[in-house]
Amino acid sequence: MNDNKMITQSRIIEEYGWTKSLISKFLPDPVLKANPHYRKAAPMRLWDEDTVKQVMTTSEFQDAVEKANKRKKSASKAVETKYSNMNHSVQLFIDSITIKVLSDEELKTKALKAKQEWYQCHPCSLNGDWIDEPYMKNAYTANEETINRWIVNYIRHNLVSYDNFLGSIDGKVGSVEAYPEVKIAVLEKIANTYPKYKDECERQIFFVDFNADR
């Protein structure tokens, strides 16, 4: 075999359209050759280019390629169907969004209580320095802007079936793309239901859009 006709696996795949499984099935064991650029690297695996071309003319190889392409098309169609189903589920959820309405006083009380309980479960060190006892933050001393953020978050997680829906689609095809759309829809609904917190909802929507575009 002539050295100038020896080609790597990546070239067989990129230039001739093979897959690793086709290489394993139809080609002989590769010739191992020391990597000329990196002596400590694993040996290069090479095949005779003429052998590759010859195998490609056989009916067995062509049948295998046709079957592989059919499987690929079938898998692609299945993924498209799953994306379509996800879009349908997201739209159904958005159309069904309802938000429990509480008085502003009750809403603020519940949001602050929930945040303080979270602090109790997640104590921290003071200013990042190690201390003998965990430092406990006080939610009730937060400024108005921070409290508004907590209130909107409380509504989203506790007065809407937001978390339940996200849990139902977790790990499914299209779920990653669905998260921003669902969150924005919920925030828009919160803004309509609780106009007092419209500015905070719009602020959060801005950051959801910003991160989605990155």
Side-chain angles (χ1 to χ4, degrees), residues 1-93 118 121-125 127-130 134 157 162-185 204-214:
M1 291 185 289
N2 195 328
D3 285 344
N4 64 8
K5 292 184 179 180
M6 302 301 290
I7 58 177
T8 62
Q9 175 178 272
S10 60
R11 186 178 169 190
I12 294 172
I13 293 173
E14 293 171 7
E15 295 189 17
Y16 292 100
W18 288 56
T19 63
K20 290 183 179 180
S21 61
L22 290 174
I23 291 174
S24 176
K25 182 176 181 180
F26 288 99
L27 292 182
D29 291 338
V31 173
L32 302 181
K33 183 178 180 181
N35 192 307
H37 304 291
Y38 305 97
R39 292 186 178 182
K40 293 184 179 181
M44 298 175 62
R45 303 168 70 239
L46 304 172
W47 285 266
D48 177 43
E49 187 172 22
D50 288 340
T51 299
V52 172
K53 292 179 179 178
Q54 182 178 357
V55 170
M56 292 177 68
T57 65
T58 65
S59 59
E60 291 83 3
F61 178 84
Q62 292 171 6
D63 288 344
V65 170
E66 184 178 356
K67 290 178 181 178
N69 288 337
K70 286 182 178 179
R71 288 194 297 270
K72 188 182 297 184
K73 289 181 180 179
S74 177
S76 177
K77 185 176 181 180
V79 170
E80 289 180 5
T81 299
K82 290 179 180 179
Y83 269 109
S84 178
N85 291 339
M86 177 61 66
N87 291 336
H88 180 65
S89 296
V90 167
Q91 193 57 55
L92 285 177
F93 170 74
W118 187 91
C121 296
H122 301 82
C124 61
S125 60
N127 297 324
D129 296 327
W130 174 259
H157 291 295
Y162 173 79
D163 289 342
N164 288 338
F165 178 73
L166 292 187
S168 72
I169 66 173
D170 184 46
K172 295 182 179 180
V173 173
S175 60
V176 174
E177 295 83 356
Y179 292 147
E181 182 180 359
V182 171
K183 186 172 183 178
I184 289 173
Q204 293 193 26
I205 289 171
F206 170 81
F207 283 105
V208 173
D209 278 333
F210 177 78
N211 291 325
D213 291 338
R214 296 180 67 182

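Residues D170 and L166 have side chains not in contact (no heavy-atom distance under 4.5 Å, counting atoms from C-beta outward). Within the 4.5 Å cutoff, side-chain heavy atoms of S76 are placed close to those of E80. In this structure, K53 and Y16 have side chains that are in contact, with non-hydrogen atoms separated by less than 4.5 Å. When side chains are defined from C-beta on, M44 does not count as touching L32, because their heavy atoms never get closer than 4.5 Å. Inter-residue side-chain proximity for T19 and I13 is flagged as unmet; no heavy-atom pair is nearer than 4.5 Å. For the pair F93/I169, no side-chain contact is recorded, criterion being any heavy-atom separation below 4.5 Å from C-beta on. The shortest distance between side-chain heavy atoms of M86 and V173 does not fall below 4.5 Å.
Shown here for S175 and K172, the closest heavy-atom pair between the two residues is OG-O, 2.8 Å. Nearest approach of F165 to V90, heavy atoms of both residues: CZ-CA, 3.8 Å.
With sequence neighbours excluded, no residue satisfies salt bridge (Lys or Arg N to Asp or Glu O under 4.0 Å) with E14. Contacts of D163 classified as salt bridge (Lys or Arg N to Asp or Glu O under 4.0 Å), with partners at least two apart in sequence or in another chain: none.
Side-chain N or O atoms of T81 include one that pairs as donor or acceptor with a backbone N or O of K77 at under 3.5 Å. Listed for the S74 side chain is no donor-acceptor partner under 3.5 Å among the backbone atoms of K70.
Going from atom CE of M56 over to atom CD of Q62 covers 8.5 Å, rounded to the nearest 0.5 Å. Note that CZ of F61 is 10.5 Å distant from NZ of K25, once rounded to the nearest 0.5 Å. Atom CZ of R45 is separated from atom CD1 of I23 by 8.0 Å, given to the nearest 0.5 angstrom. Within the model, atoms CH2 of W47 and CZ of F26 stand 15.0 Å from one another, a figure rounded to the nearest 0.5 Å. With rounding to the nearest 0.5 Å, the separation of CD in Q91 from CD in E181 is 7.0 Å. Between the CD1 atom of I7 and the CG atom of L46 there is a distance of 9.0 Å, given to the nearest 0.5 Å.
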Where do Y162 and K183 land on the side chain to side chain contact (heavy atoms under 4.5 Å, CB included) test, with the steps shown first? CA-CA 8 Å; Y162 173 79; K183 186 172 183 178; 3.7 Å; yes
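By the 6.0 Å contact criterion, CD on Q54 is open, its count of non-hydrogen atoms from other residues, nucleotides or ligands being 12 or less.
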